[in-house]
Novice: 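One structure is given below, represented as structure tokens, and several questions about it will come after.
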Amino acid sequence: MIKEIDDDAVVLRTYKSGESDRIAVLWTRKHGKVRVLAKGIRKSTSRLGGNLEPLAYVHVDLVKSRGELYITRHVQHRERYPVMRSSYERINAGYAVVEVIDAIPSDDVADEGIFELLIRVLGSIDDEHFVPDLIPASFFFKLLSHDGSEPVVDNCVNCGSAGPLVAFNAQVGGTLCANCRSGHAISHDALVLIRRILGGDLASVLREQSAPGAGEVMTIAHDAIEQHFGKRLKVTRASAPITLSSSDQ
Amino acid sequence: MSYPPPLQAVVDELGRFPGVGPKSAQRIAFWLMRQPHEDVSRLALSLEDMKSKLSFCERCCNIAETGGLCPICADDRRDQTTICVVENPPDVLAVERSGAFHGTYHVLHGVLNPLEGITPDRLRIQELILRLRGPVKEVILCFNSNVEGDATAMYLSRLLQVPGLVVSQPASGLPVGGDLEFADDLTLGRAIDGRRILAD
Ligand SMILES: [Zn+2]
Ligand SMILES: [Zn+2]
């Protein structure tokens, strides 16, 4: 474990620790996942207060403390994401993203590509021109590609036939024809949407209000990323139906 | 090797406390073993006493005597048309200390945090909605200035878009990222006085 870290980082989550401390889990640009003990952070007099909270993009200067924890010498904001912070859906999209990054099993393994992807996706969530709904799903697909597990969506992953493709199965890694079908049924709209997301048309996808097939794509992306990390994720499941009406009776 | 069942039962119970892991649970259980019998009995009695005498206010969900209203809801000098929504009971005390607020409260018992599985249905939001049938004119969303507090405020400000109802938030000036409980009284008072409107 390195003694000092001077790096960019995104705060993935924080835990209360003792009376007024917090432990923050960071994904750093050059040092992978790092855990930081932020002393006194919950007292309002602490000047670190606003910095080490989930979804913050910061620059940190850390020194090794006990165990696998670091303590902060200096924290500076790089990005405050005001647009994200002023919308419930956008904050939830941000949470869905950091939860997945936190699920990456490789503690201490740095992956600058993932850091760059993370910064880009948070920037998209903070961009008022983009509808936040499909951002987490798009990010999941991009992360799968980054890890070399991009799902096959152009033909049947089992027999190679060009289709028609009627199902998607995260376990076998992509779309399936009618003969080989397993997993989720997939509509043509959803298929087109996934191809656009993976094929370089993401920016225009994210400009569309309620794109046809979006709900399906979210479910498929969620299943695929859970399958990939072998871990159940809470946020997308909890916030998928973002309907205020559910508690509005 | 496992502990004798009566001891293990205590370790298991303590292990369910928030922030207490198995190691701490064992440490506390051993400590309790070493205490005089009457001290431990007093603890057991006080727990029993608390649970039988206290529960949550039928109106605002703050702590109150079982089956009734809390002192604030029961006080008819308090302005029943203004509700200050807070995360937890200690926040009520913090706002009270500021002296800047004369309405009533609503305690959600948490803030939204999907990473911890805290979704809207886990909070006392239904109870708040029910109160809007009464003479409520303004709801002040008074949460800690952090991402969970912001998310909860955004959610509620959307949910509470009811004709004739003003939804407001304390002015910036609340310590960013700090706990309301730690905010000094003057800062908090000023923030409530200078609140800004989110929806009306
Ligand atoms: Zn096939
Ligand atoms: Zn009450």
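What you see below is based on every heavy atom in this structure, not just the backbone, and it leaves out hydrogens, waters and symmetry mates. All chains are named by letter (A, B, ...) in the order of the sequence lines, taking the proteins before the strands, and each is independently numbered beginning at 1.
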Novice: For residues B:Y155 and A:E89, determine if any side-chain heavy atom of one lies less than 4.5 Å from a side-chain heavy atom of the other.
Specialist: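 In short, these two side chains do not touch, never coming nearer than 4.5 Å.
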Novice: With a 4.5 Å limit on heavy-atom distance, are the side chains of A:E99 and B:P114 in contact?
Specialist: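 Contact flag for A:E99/B:P114 side chains = no.
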Novice: Roughly how far apart are A:L12 CG and B:L115 CG, rounded to 0.5 Å?
Specialist: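 Answer for the CG-CG pair, A:L12 versus B:L115, is 9.0 Å.
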Novice: Shortest non-hydrogen contact from B:A151 to A:Y88?
Specialist: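 Nearest heavy atoms, B:A151 then A:Y88: O-CD1, 3.5 Å.
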Novice: Pick whichever of B:V147, B:L112, B:N113 has the most heavy-atom pairs under 4.5 Å with chain A.
Specialist: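 Heavy-atom pairs under 4.5 Å are most numerous for B:V147.
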Novice: Heavy-atom count check: over 12 atoms from other residues, nucleotides or ligands less than 6.0 Å from A:K64 NZ?
Specialist: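 Counting neighbours around NZ of A:K64, more than 12 heavy atoms of other residues, nucleotides or ligands fall under 6.0 Å, so yes.
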Novice: Mind checking the CD-CG spacing from A:E53 to B:N144? Nearest 0.5 Å is all I need.
Specialist: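 One gets 10.5 Å once the value is rounded to the nearest 0.5 Å.
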Novice: Surrounding CD of B:E65 (heavy atoms of other residues, nucleotides or ligands, distance under 6.0 Å), is the total greater than 12?
Specialist: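 No, the 6.0 Å shell around CD holds no more than 12 heavy atoms from other groups.
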Novice: With rounding to the nearest 0.5 angstrom, report the CE to OG distance, B:M154 to A:S87.
Specialist: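 Output value for this atom pair is 8.5 Å.
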Novice: Nearest 0.5 Å, please: how far is CD in B:E116 from OH in A:Y95?
Specialist: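 Atom-to-atom, A:Y95:OH and B:E116:CD are 9.0 Å apart.
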Novice: Rounded to the nearest 0.5 Å, what's the gap from CZ on A:R22 to CG on B:N146? Could you check?
Specialist: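 Rounded to the nearest 0.5 Å, the CZ-CG separation comes out at 6.5 Å.
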Novice: Quick test of your reading: applying ring pair (Phe, Tyr, Trp, His ring centres under 6.0 Å), list the pairs with at least one residue in residues 28-61 of chain B, sequence neighbours left out, ordered by first then second residue.
Specialist: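 For residues 28-61 of chain B: B:Y3-B:F30, B:F56-B:H109.
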